[in-house]
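Heavy atoms only: backbone and side chains are in, while hydrogens, waters and symmetry mates are out. Being a predicted model, the structure only gives us computed values, none of them experimental. Convention: sequence-line order gives letters A, B, ...; per-chain numbering from 1.
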There are 2 protein chains.
Amino acid sequence: MRPETNHTVGIVDDHSLFARSLEKLINSFPHFQVIFHAKNGLHLQEKIEDSNVLPEIILLDINMPVMDGFETAEWLTRHHPEIKVLALSMQDDEHTILKMLRRGVKGYLLKDIHPEILNTALKELSEKGYYHSQKVSETLLHSLTPDEEGRIFDFKENELTFIKLACSELTYKEIAVMMDLSPKTIDGYRQDLFKRLKIKNRVGLVIFALKRNLIQL
Amino acid sequence: MRPETNHTVGIVDDHSLFARSLEKLINSFPHFQVIFHAKNGLHLQEKIEDSNVLPEIILLDINMPVMDGFETAEWLTRHHPEIKVLALSMQDDEHTILKMLRRGVKGYLLKDIHPEILNTALKELSEKGYYHSQKVSETLLHSLTPDEEGRIFDFKENELTFIKLACSELTYKEIAVMMDLSPKTIDGYRQDLFKRLKIKNRVGLVIFALKRNLIQL
DNA sequence: TACGGAAAGGGGATTTTCCCTGTTTATTCG
DNA sequence: CGAATAAACAGGGAAAATCCCCTTTCCGTA
């Protein structure tokens, strides 16, 4: 990172007062410079599509009218994946964080953090490509090991095997052959599981297995 | 964290020379003390099940005969989820890391790291509950936003809606009603998608959608 | 011996899957 | 402009798979 080079930053936030002060703050950091604002996702698209300048980093508010942070993040990673997006939000619930991370966001900050943290985040973002606050790290970890609220169900070996095989394009008949059992026995497993798990069909079983981490893609 | 309290550590590694030196190293850190070794997962189970002492932290090697790190991690999170497991390994490929993290491991270190990093990791582990090296953070982030190698497929609005609805327990007839289309049209979508995506049945479609992040659970 | 479970079968309704045809609506091109 | 072409939408018909309920057999064990 050459010290004389400034990293360019774009801000997307409908709250112009906040955006202005954010710009001042960022310009006061060494090596970072705000090059534009946008009021929302649509506005951002226009800005990007006629002026050909792309910022390296975009600070993206989530709550916006017209085209919110989720849609905007999706569009950005689809059309300009090289831009590092840092989400800014008031909410810090895991679900929102994950939703943004899944859309390719490289970091997630609460709006009321200390300026110094924003500086750190920007620096890490341009050096390492991402910034993970403690909350984000925990959320990420958590997303892999869901709470398994219902460890109520414990499956027997055969049931587990069946479930795993059912989460594929195999036919029940084929599964029966693989498990060396009669198709009727397999049908028995199926029926029993459907009842216990209160599901209606095989797709329901797949969804269940995925939610409980019984299988992984 | 009371300074007079030592954090207890267990080591699971079949390589006794390495385990010994690791123990010495850890005992030299302030506030950490190794209370036992195990040669592999089975050995660990025995140790835990008759002696009633549980360590706060377990350093777990992955490559072991008899019962390897994966199985052991699975067993530990299932039976003693309060123990913080730190995986130790020679490999640093994303797949292995994810496999361990999915099994509830709280950190992942390469065996050839600097002792000071191990100290940091242990401290973070007992304070925050996890330790994420840069590699682990990147892997976690990566796991949410897969490469989408096949952005080849671009789906029309209706197809996408159909896919999403097909990843549920709805029947095609019900989906038709919801999309305000004839069941036959829905069947057309289905058939077309099966051909394009080279899948055999609805489960295949669900798997596809999940792999490409078209839906989220 | 009685009981409970796991495995297996019979039979039938529903859904899924597949192939072909036709109709309407845009879109492109001569 | 008008004809050709592509596409989205819709239907018929049939085989295969899924889903559901009920019964039987076998085996281990309380």
Side-chain angles (χ1 to χ4, degrees), chain A residues 49 78-79 150-217, chain B residues 78 150-217:
Chain A
E49 272 160 9
R78 211 167 280 264
H79 296 86
R151 174 146 320 301
I152 323 150
F153 309 103
D154 72 323
F155 301 105
K156 337 199 158 0
E157 204 52 37
N158 263 354
E159 283 179 327
L160 219 47
T161 320
F162 164 71
I163 293 177
K164 286 177 182 168
L165 292 173
C167 295
S168 76
E169 300 190 25
L170 292 169
T171 285
Y172 289 141
K173 219 182 286 180
E174 293 169 324
I175 294 178
V177 172
M178 294 186 70
M179 292 183 66
D180 199 23
L181 288 169
S182 151
K184 277 304 186 178
T185 306
I186 296 298
D187 192 56
Y189 290 169
R190 184 197 55 73
Q191 192 143 354
D192 188 46
L193 283 169
F194 279 22
K195 271 218 182 74
R196 271 199 286 158
L197 308 180
K198 296 201 206 326
I199 52 181
K200 290 197 183 66
N201 56 37
R202 197 166 156 177
V203 173
L205 186 62
V206 175
I207 303 288
F208 174 89
L210 280 160
K211 281 190 178 156
R212 299 305 169 92
N213 275 14
L214 299 181
I215 58 158
Q216 52 205 53
L217 294 183
Chain B
R78 211 168 280 263
R151 181 161 301 313
I152 324 150
F153 309 103
D154 72 322
F155 301 105
K156 339 200 156 355
E157 204 51 37
N158 262 355
E159 282 180 327
L160 219 49
T161 321
F162 165 69
I163 292 177
K164 285 178 182 168
L165 292 173
C167 295
S168 77
E169 300 190 27
L170 295 167
T171 68
Y172 290 138
K173 218 182 285 179
E174 292 168 325
I175 293 178
V177 172
M178 295 186 70
M179 293 183 66
D180 199 25
L181 287 168
S182 153
K184 277 305 186 176
T185 306
I186 296 298
D187 190 57
Y189 290 169
R190 184 199 54 73
Q191 193 141 354
D192 187 47
L193 283 169
F194 280 21
K195 272 219 181 74
R196 271 199 288 159
L197 308 180
K198 298 200 205 325
I199 53 180
K200 290 198 185 62
N201 56 37
R202 196 165 157 178
V203 173
L205 186 61
V206 175
I207 304 287
F208 175 89
L210 280 160
K211 279 190 179 157
R212 299 304 169 94
N213 275 13
L214 299 182
I215 59 158
Q216 51 205 53
L217 295 183

| query | Pick the nucleotide of DNA chain D nearest each of B:Glu159 and A:Val203; which residue has the one closer to the 5' end? | reply |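 Of the two residues, B:Glu159 wins.
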| query | Starting at the 5' end of DNA chain D, which residue's closest nucleotide do you reach first, B:Asn201 or B:Pro183? | reply |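 The 5'-side residue here is B:Pro183.
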Any heavy-atom pair between the side chains of [Y] and [X] that's under 4.5 Å?
X	Y	result
A:Met179	A:Ile175	yes
B:Arg196	B:Glu159	yes
A:Leu214	A:Phe155	yes
A:Phe162	A:Leu193	yes

Is there a side-chain contact between [X] and the phosphate of [N], meaning an N or O under 4.0 Å from OP1 or OP2?
X	N	value
A:Tyr172	D:dA16	no
B:Lys173	C:dT15	yes
B:Thr171	C:dT14	no

| Just checking B:Asp187: base, sugar-phosphate only, or nothing, at a heavy-atom cut-off of under 4.0 Å? |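 Counting heavy atoms under 4.0 Å across all strands, the contact made by B:Asp187 includes a base.
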| said: Applying a 4.0 Å non-hydrogen cut-off, can you work out what A:Arg202 is touching in the nucleic acid: base, sugar-phosphate, or nothing? | reply: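 Sugar-phosphate, backbone atoms only, no base.
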Round to the nearest Å and state the distance from [X] atom [atom1] to [N] atom [atom2].
X	N	atom1	atom2	result
B:Ile186	D:dA10	CD1	P	9 Å
A:Arg196	C:dG5	CZ	C1'	13 Å
A:Lys184	D:dC20	NZ	P	13 Å
A:Asp192	C:dA8	CG	C1'	15 Å
B:Met179	D:dA10	CE	P	11 Å
A:Gln191	C:dT14	CD	C1'	14 Å
A:Glu169	C:dC18	CD	C1'	15 Å
A:Leu197	D:dC20	CG	C1'	16 Å

Nucleotide of [options] approaching [X] most closely (side-chain heavy atoms):
X	options	result
A:Arg190	C:dA6, D:dA8, D:dC19	D:dC19
B:Tyr189	D:dC9, C:dG9, D:dG11	D:dC9
B:Thr185	C:dA8, D:dC19, D:dA10	D:dA10
B:Lys156	D:dA8, C:dA6, D:dG11	D:dA8

| query | Just by distance, with hydrogens left out, do A:Tyr172 and A:Asp187 show a side-chain donor and acceptor under 3.5 Å apart? | reply |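 A:Tyr172 vs A:Asp187: no donor-acceptor pair found between side chains.
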